[in-house]
Number of protein chains: 2
Amino acid sequence: MSNQPRNTPCELCASRKYSLMSDLSHAQVCSISDHKNLISHRKGQILYYESTKPLGIFCINSGVVKVYKTASNGKEQIVHLGKEGDFLGYAALLGEENYTNSAMIVEDAKICFIPKEAFLNTLLGNTQFFKRVTKELSHELGVMEEKLTDATQKSIRERLAFVLIHLASSYGIEGGDSQKIDLILTREEIAGIVGTATESVIRLLSEFKKDGLIEFEGKKIIIKDKRGLARLSDFYA
Amino acid sequence: MSNQPRNTPCELCASRKYSLMSDLSHAQVCSISDHKNLISHRKGQILYYESTKPLGIFCINSGVVKVYKTASNGKEQIVHLGKEGDFLGYAALLGEENYTNSAMIVEDAKICFIPKEAFLNTLLGNTQFFKRVTKELSHELGVMEEKLTDATQKSIRERLAFVLIHLASSYGIEGGDSQKIDLILTREEIAGIVGTATESVIRLLSEFKKDGLIEFEGKKIIIKDKRGLARLSDFYA
DNA sequence: TGTATTCTATGATAATAGTCAGTATTTTTT
DNA sequence: AAAAAATACTGACTATTATCATAGAATACA
């Protein structure tokens, strides 16, 4: 909206090139841009709640968002960590159902809200964009099936090692032979990603540290031996 | 193909009304129908293998198909049981990647193969159909996230009870106060759905039987106490 | 029809991971 | 700066579930 000076238009947004919107024509980007609304969010704020009605989608300009389900025992299962360029909430919109998960800011974020109509109109008016979104959706389904298989067939140790490697590949900053995961997560949140109890994560992380696989730097984790973790994370590999 | 007398055209196919194709116009159904190919499959036959290239999609006319991933320990995680009217393999096609899972016939089946081009052309030529497919994909993603959450946060007993209830709702035939699951699965396959060891399923099923929740009739399972199972399957409910 | 193979079942044991309780440490709030 | 709250950690214990071994039953097959 032109009367909001802090609201960078999508066509100038640096994170667009990483996003589903990278395929859109200039006119289409502008059409979305004219309807979107940028909001800043602090850590802990909720973007949307499970079982509520989606009114649009969210596009992450900066920051990190956890997408999670709350199990019947009260624990959180984190199904996705969204970062710069990621779209959130489009599955509920396209599935024409209420949100099946919730989203909370993990690291201070700038997030654009694109109203349902603007998004759907652009989608239906641009087959290429529609295909791109559907491609992403299909890919996510495959990823989720993989996670399910890992959850039922691998040990917590293997899964934690795997999660660390993945966090490093998404949020890692190189430092010689080691890699720092540049994202602060509580032990409880890591447990939510792995799908285990907080205490198990704490114990395993200190085991990994004792074995020289990782180190701690403040609240951040440094991967010291990626190969060692990779070996731990799978039966072969 | 008109020279194959046994190949019922889609426009006359009884399972179409349950399928994603229920929205298509007559012309579009015929366009798909003209390119499809009906094949009979016996139990145990493979429809496609994980990591191979999809050449089209499968539409189940009759029978049951298990869609599964093979974990690194060799065990199967069944991610979906497909039945009459279900489309299989479209996620890989739309995700433009190789199959991320495999599909095997569980109960003798008649399955139509629709070549990639015919499917994609119809999809891109009919926004309504495209939307319908995307809706299904989005829904499946939500279902998979739910399964992941259950896998990490619920006990095997709870999950097995839940699986039995779901099998009953998909394959159940009513019989007074009880419901027969009209589908033969081995204990190993049930374990593959639940995500556990075969022995655990065997033990729990006989526990359920001892507790009057289920009974066996040949290789089929009869739900005697659905409420009891439902109570077992969740912390509340 | 006999044989091989697969499937179901059961017991014993071990490993894994969860829960509970209590304490230390860090962070946030007032 | 003190108090409160949240987070991290540790130990003890328990429950759950996997694994291994073995045997019987059912099914396929040749």
Side-chain angles (χ1 to χ4, degrees), chain A residues 42-45 66 71-77 104 106-108 149-163 183-210 214-221 232-233 235, chain B residues 42-45 66 71-77 104 106-108 149-163 183-210 214-221 232-233 235:
Chain A
R42 308 271 335 261
K43 189 174 175 170
Q45 284 188 293
K66 64 175 172 186
S72 43
N73 61 5
K75 288 194 185 169
E76 279 180 11
Q77 176 64 44
M104 183 192 279
V106 163
E107 196 170 72
D108 291 0
T149 306
D150 284 353
T152 61
Q153 306 294 353
K154 288 187 173 180
S155 69
I156 304 289
R157 179 177 287 101
E158 291 171 310
R159 278 147 59 192
L160 178 59
F162 193 70
V163 163
L183 172 65
I184 293 178
L185 294 170
T186 65
R187 301 296 191 247
E188 190 175 4
E189 282 168 333
I190 297 174
I193 300 173
V194 175
T196 186
T198 307
E199 295 92 327
S200 298
V201 167
I202 290 171
R203 279 183 241 272
L204 284 169
L205 283 181
S206 51
E207 179 192 312
F208 288 178
K209 186 186 169 191
K210 186 167 61 68
I214 62 171
E215 267 179 17
F216 302 136
E217 188 182 292
K219 310 218 69 148
K220 291 178 181 166
I221 295 171
L232 255 190
S233 78
F235 292 108
Chain B
R42 310 271 336 261
K43 188 173 173 170
Q45 284 188 291
K66 64 176 171 184
S72 44
N73 61 3
K75 288 196 183 168
E76 279 180 11
Q77 175 65 44
M104 183 192 279
V106 163
E107 197 170 72
D108 291 359
T149 306
D150 284 353
T152 61
Q153 307 293 353
K154 287 186 174 180
S155 69
I156 304 290
R157 179 176 288 102
E158 290 172 311
R159 278 147 59 191
L160 178 59
F162 193 71
V163 163
L183 171 64
I184 294 179
L185 294 170
T186 64
R187 302 294 191 247
E188 190 177 4
E189 283 168 331
I190 297 174
I193 300 174
V194 175
T196 186
T198 306
E199 294 94 326
S200 298
V201 167
I202 290 172
R203 279 182 240 273
L204 284 169
L205 282 181
S206 53
E207 178 192 314
F208 288 177
K209 186 186 168 191
K210 188 167 59 68
I214 63 171
E215 265 179 19
F216 303 137
E217 187 182 293
K219 309 217 69 146
K220 290 177 182 166
I221 295 172
L232 255 189
S233 78
F235 293 105

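Labels below follow one simple rule: chain letters A, B, ... track the order of the sequence lines, proteins then strands, and each chain is numbered from 1.
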Discussion item. Check this for me: does the side-chain of Arg159(A) come within 3.5 Å of the base of dT16(C) through a donor and an acceptor?
Written reply: no
Worksheet item: In Å and rounded to the nearest 0.5 Å, what is the CG to CG distance from Leu160(B) to Leu232(B)?
Response: 9.5 Å
Item to complete: Indicate, with a heavy-atom threshold strictly under 4.0 Å, whether Ile202(A) touches base, sugar-phosphate, or nothing.
Response: base
Practice prompt. By nearest nucleotide on DNA chain D, pick out whichever of Arg187(A) and Lys75(B) is the more 5' one.
Written response: Arg187(A)
Item to complete: Assign each of Ala197(A) and Lys219(A) to its nearest nucleotide of DNA chain C by heavy atoms, then name whichever residue's nucleotide is nearer the 5' end.
Response: Ala197(A)
Worksheet entry | d(CG, Leu185(A); P, dT7(D)) in whole Å | 12 Å
Discussion item. Between dG11(D) and Arg203(A), counting only base atoms on the nucleotide and side-chain atoms on the residue, is there a donor-acceptor pair under 3.5 Å?
Written reply: yes
Worksheet item: Could you state the CD1-P distance from Ile190(A) to dT7(D), rounded to the nearest angstrom?
Response: 13 Å
Worksheet entry | Check: dC20(C) base within 3.5 Å donor-acceptor of Glu199(A) side chain | yes
Worksheet item: CD of Gln153(B) versus P of dT17(D): gap in Å, rounded?
Response: 13 Å
Discussion item. For the residue pair Gln77(B) / Thr152(A), report whether a side-chain donor-acceptor contact shorter than 3.5 Å exists.
Written reply: yes
Fill in: salt bridge (Lys or Arg N to Asp or Glu O under 4.0 Å) evaluation trace for Glu207(B) with Arg157(B)
CA-CA 10 Å; Glu207(B) 178 192 314; Arg157(B) 179 176 288 102; 2.9 Å; yes
Worksheet item: dG18(C) P sits how many Å from Leu160(A) CG, rounded?
Response: 12 Å
Worksheet item: Base, sugar-phosphate, or nothing for Thr196(B), non-hydrogen atoms under 4.0 angstrom?
Response: sugar-phosphate
Discussion item. So, OP1 or OP2 of dA9(C): does either fall under 4.0 Å of a side-chain N or O from Lys210(B)?
Written reply: no
Item to complete: Report the distance from atom CD of Glu76(B) to atom C1' of dC7(C), rounded to the nearest whole Å.
Response: 15 Å
Worksheet item: Taking atom P of dC7(C) as reference, at what distance in whole Å does atom CG of Leu205(B) sit?
Response: 16 Å
Discussion item. With a 4.0 Å cutoff (strictly under), does any side-chain N or O of Ser200(A) reach OP1 or OP2 of dG18(C)?
Written reply: yes
Discussion item. Rounded to whole Å, please give me the gap between CD1 in Ile184(A) and P in dT26(C).
Written reply: 14 Å
Fill in: Whole-Å gap separating P (dA18(D)) and CG (Asn73(B))
11 Å
Discussion item. Checking Arg159(A) against Asp150(A) for the salt bridge (Lys or Arg N to Asp or Glu O under 4.0 Å) test, could you report, in this order, the C-alpha distance in whole Å, the side-chain angles of both residues, the deciding distance, and whether it holds?
Written reply: CA-CA 7 Å; Arg159(A) 278 147 59 192; Asp150(A) 284 353; over 6 Å; no
Worksheet item: salt bridge (Lys or Arg N to Asp or Glu O under 4.0 Å) between Glu189(A) and Lys66(A): does it pass, once the steps are laid out?
Response: CA-CA 9 Å; Glu189(A) 282 168 333; Lys66(A) 64 175 172 186; 3.1 Å; yes
